[in-house]
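To keep things clear, I will list the structure first and then write my remarks on it.
Residue numbering restarts at 1 for every chain, and letters A, B, ... go by the order of the sequence lines.
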Amino acid sequence: MVNHKLPYDQTSATSIEAYSKTLLNQSLREVIGEKVNSYQGKGKLGQLIEELFFYYKPNSNAAPDFPEAGLEVKTSPLKKLKNGDIASKERLVFNIINYQEEYKNDFYHSSFLLKNQLLLLMFFLHEKEKSDIDYTFKIIKLFKFPEKDLLIIKQDWGKIIEKIKAGKAHELSEGDTLYLGACPKGANRNTLRTQPFSEVMAMQRAYSLKSKYLNYIIKSSLDDAAVKDVEVLRHKTFEDIIIEKFIPFYGKSIKEISFKLNYSISEAKSSIYLLTKEILGVKGKFIEEFEKADIQLKTVRLETTGSLKESMSFPQIQYQEIILEDFLDSAWYEMITKKFFFVIFQKNEKAELILKKVMFWTMPYEDIKIAEEFWMDTKAKVLNGEFDNFQRITDNRKFHVRPKGANAQDLMPTEKYGLQKKKSYWFNASYVKEIINKQ
DNA sequence: GCATGATCATGC
DNA sequence: GCATGATCATGC
């Protein structure tokens, strides 16, 4: 071992695990910086991690990577499925099976178990367009096979050994076994080895864990993470936790944020709204809580000067319903009395949108009074057929009504006045500015 | 520069 | 198929 002080205790699995977790949600390049460029060798991410992160030379020893800790390090890729779920990208490959030796031992003295009894699993998200050193690590954990899984793996191992003993190593197939497979390993299918009980050359194979088995590990790890989030709730408020999700992105451009999240920004006008949902974790625990609490998510775009170009739109006015409603049971009342969560972006000199801050807000009582007058006025005009005479932004009463439809021909039926253009409730831009400057 | 009308991609 | 969140485009 090189003679400099390691940032972890190589005799302790938990110390190694703790150190390895500094890579969580980061890429190798982000963690070790420019050193990565000075690396001359070529290799897969796993080898780079060994050499540049753990500071040991990759080897092919029969012992685990950290012999004193009895710990084997395994890096493995994840992929994102179309539905947004995360799954294993490929099987996890272990040591090559030495047909000439392996059958001489029992399972508990097998090369597989001696080397892989305790694993440090490091799952990263594989993304086609990125290079190895830019993949983000998503799951890092110590892993020991649960007892009942180990029994199946023992049976799997037994099946592999049976074939070797029967002189049929060349007939080994991954379909023989359940969790532990014997997968081809070599430059190509013609990488062959001798076997002890037959003259036939057998394809070189290594032990491997099947993708499906990894998915089980992955899923339970992600569930663990959700459980930890719940643990956190005991100590912090829901609002604090949400805000903390955004703080790492403060000062970052939407381009940087989406890159970090491995999310491609849409072409929609609501693109930063969609990006914001991504930060919240669309599939995660929190968006669920967010939705349960019926929080109104709104994004705000500030110009470089801090002014707002646009007012804030709300759902359309249902002309046939508003005339039947009282203020307190109106759709509008329901909208404005929600808890709001504002995500505020601001343009910089280069016209990039930068995340400035986030904030929770509820409408103060005096504004609800104003909103009530606005709604009463709107309802009266719908009743009277004054569809072009709603409260305007120039009335300077915090709210106004404006068109909102697919186009000018997008109409909606009314009780007495035929089809009318679809229109919505809006917060005046000046009102939004007042809200966000208060905090 | 701003009010107002018009429109668009997305997701359910 | 259509509402939604949001921004674009025009004209004064």
Side-chain angles (χ1 to χ4, degrees), chain A residues 81-85 254 257-258 261 263-284 287-288 290-292 294-322 330-332 334-336 338-347 351-356 358 361 374 377-378 381 386-414 419-436:
Chain A
L81 304 179
K82 284 213 177 74
N83 67 8
D85 285 353
I254 57 170
I257 295 169
S258 56
L261 295 172
Y263 172 79
S264 58
I265 295 181
S266 79
E267 297 296 312
K269 287 174 179 171
S270 51
S271 61
I272 57 172
Y273 170 80
L274 297 169
L275 174 65
T276 299
K277 282 180 95 167
E278 205 64 25
I279 296 176
L280 280 164
V282 211
K283 292 235 147 207
I287 193 77
E288 187 189 322
F290 210 79
E291 274 165 12
K292 277 190 206 151
D294 203 9
I295 291 166
Q296 178 75 52
L297 172 62
K298 285 287 183 187
T299 59
V300 178
R301 233 170 115 153
L302 301 178
E303 300 299 297
T304 43
T305 58
S307 70
L308 276 89
K309 208 166 80 189
E310 303 291 347
S311 296
M312 180 175 281
S313 79
F314 285 82
Q316 58 187 235
I317 305 171
Q318 301 296 328
Y319 297 135
Q320 289 177 304
E321 286 169 23
I322 186 173
S330 67
W332 168 242
E334 197 184 323
M335 279 175 227
I336 61 172
K338 283 182 184 178
K339 186 188 276 292
F340 282 74
F341 182 61
F342 292 114
V343 181
I344 302 154
F345 294 85
Q346 183 166 17
K347 267 191 195 160
E352 296 168 318
L353 276 176
I354 309 294
L355 178 62
K356 191 174 184 222
V358 299
W361 178 79
F374 162 66
D377 179 71
T378 303
K381 288 183 175 150
E386 298 178 60
F387 291 92
D388 289 318
N389 192 28
F390 291 114
Q391 184 165 301
R392 292 166 186 278
I393 205 167
T394 41
D395 292 327
N396 217 2
R397 300 273 293 149
K398 302 200 171 179
F399 314 104
H400 67 278
V401 171
R402 259 199 12 240
K404 172 154 101 172
N407 54 47
Q409 283 72 50
D410 197 4
L411 308 174
M412 176 187 285
T414 64
L419 295 171
Q420 295 289 339
K421 280 185 194 170
K422 291 176 181 172
K423 296 196 176 186
S424 292
Y425 303 99
W426 294 71
F427 281 13
N428 295 356
S430 58
Y431 180 48
V432 178
K433 188 174 180 185
E434 179 190 320
I435 292 168
I436 64 172

Contacts under 3.5 angstrom, residues 301-308 of chain A side chains, donor-acceptor by atom type, not counting sequence neighbours:
unit_1, atom_1, unit_2, atom_2, d
A:Thr305, OG1, A:Ser307, N, 3.3
A:Thr305, OG1, A:Ser307, OG, 3.1

Under 3.5 Å, side-chain donor or acceptor atoms of residues 311-320 of chain A against the rest of the protein: list the pairs with distances, not counting sequence neighbours.
unit_1, atom_1, unit_2, atom_2, d
A:Ser311, OG, A:Ala429, N, 3.0
A:Tyr319, OH, A:Lys421, O, 2.7
A:Tyr319, OH, A:Lys423, N, 3.4

**OP:** Take A:Leu280 and A:Leu297 through the side-chain contact (heavy atoms from CB on, under 4.5 Å) test and state the conclusion after the steps.
**Re:** CA-CA 11 Å; A:Leu280 280 164; A:Leu297 172 62; 4.1 Å; yes
Subject >> A:Gln391 vs A:Lys381, side-chain contact (heavy atoms from CB on, under 4.5 Å): CA-CA, chis, key distance, verdict >> reply: CA-CA 10 Å; A:Gln391 184 165 301; A:Lys381 288 183 175 150; 5.6 Å; no
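For A:Asn396, the side-chain contact (heavy atoms from CB on, under 4.5 Å) partners at least two apart in sequence or on another chain are A:Ser430. Every residue meeting the salt bridge (charged side-chain N to carboxylate O under 4.0 Å, His left out) condition with A:Asp410, not counting sequence neighbours, appears here in chain and number order: A:Lys422. For A:Arg392, there are no salt bridge (charged side-chain N to carboxylate O under 4.0 Å, His left out) partners, not counting sequence neighbours. Every residue two or more places apart in sequence or in another chain was checked for a ring pair (Phe, Tyr, Trp, His ring centres under 6.0 Å) with A:Tyr263, and none qualifies. Judged as a ring pair (Phe, Tyr, Trp, His ring centres under 6.0 Å), and not counting sequence neighbours, the contacts of A:Phe399 are A:Trp332, A:Phe374, A:Phe427, A:Tyr431. For the side chain to side chain donor-acceptor pair (under 3.5 Å) test, no residue two or more places apart in sequence or in another chain qualifies with A:Lys347.
Map A:Asn407 and A:Ser307 each onto its nearest nucleotide of DNA chain B; the residue landing nearer the 5' end is A:Ser307.
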Original post:
Which nucleotides of nucleotides 6-12 of chain C have their base under 4.0 Å from a protein heavy atom (B), which only their sugar-phosphate (S), and which neither (-), written as one string 5' to 3'?
Top reply: BBB----
At a cut-off of 3.5 Å, list every protein nitrogen or oxygen paired with a nitrogen or oxygen from nucleotides 1-3 of chain C, distance to 0.1 Å.
unit_1, atom_1, unit_2, atom_2, d
C:dA3, OP2, A:Lys422, NZ, 2.6

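Distance A:Gln296 CD to C:dG5 C1': 9 Å, rounded to the nearest Å.
Of the possible polar contacts, none joining the A:Lys298 side chain to the A:Phe340 backbone as a donor-acceptor pair under 3.5 Å is found. Side-chain atoms of A:Ser271 never come within 3.5 Å of backbone atoms of A:Glu267 as a donor-acceptor pair (strictly under, hydrogens ignored).
Less than 4.0 Å separates DNA chain B from at least one heavy atom of each of the following residues of residues 387-396 of chain A: A:Arg392, A:Ile393, A:Thr394.
Within the helix from B:dG1-C:dC12 to B:dC12-C:dG1, the inter-axis angle between the opening and closing five-pair segments is 20°, rounded to 10°.
Atom-to-atom distance recorded for A:Ile254:CD1 and A:Leu261:CG is 12.0 Å, nearest 0.5 angstrom.
Using a 4.0 Å heavy-atom cutoff across all strands shown, A:Ala406 reaches at least one base atom of the nucleic acid.
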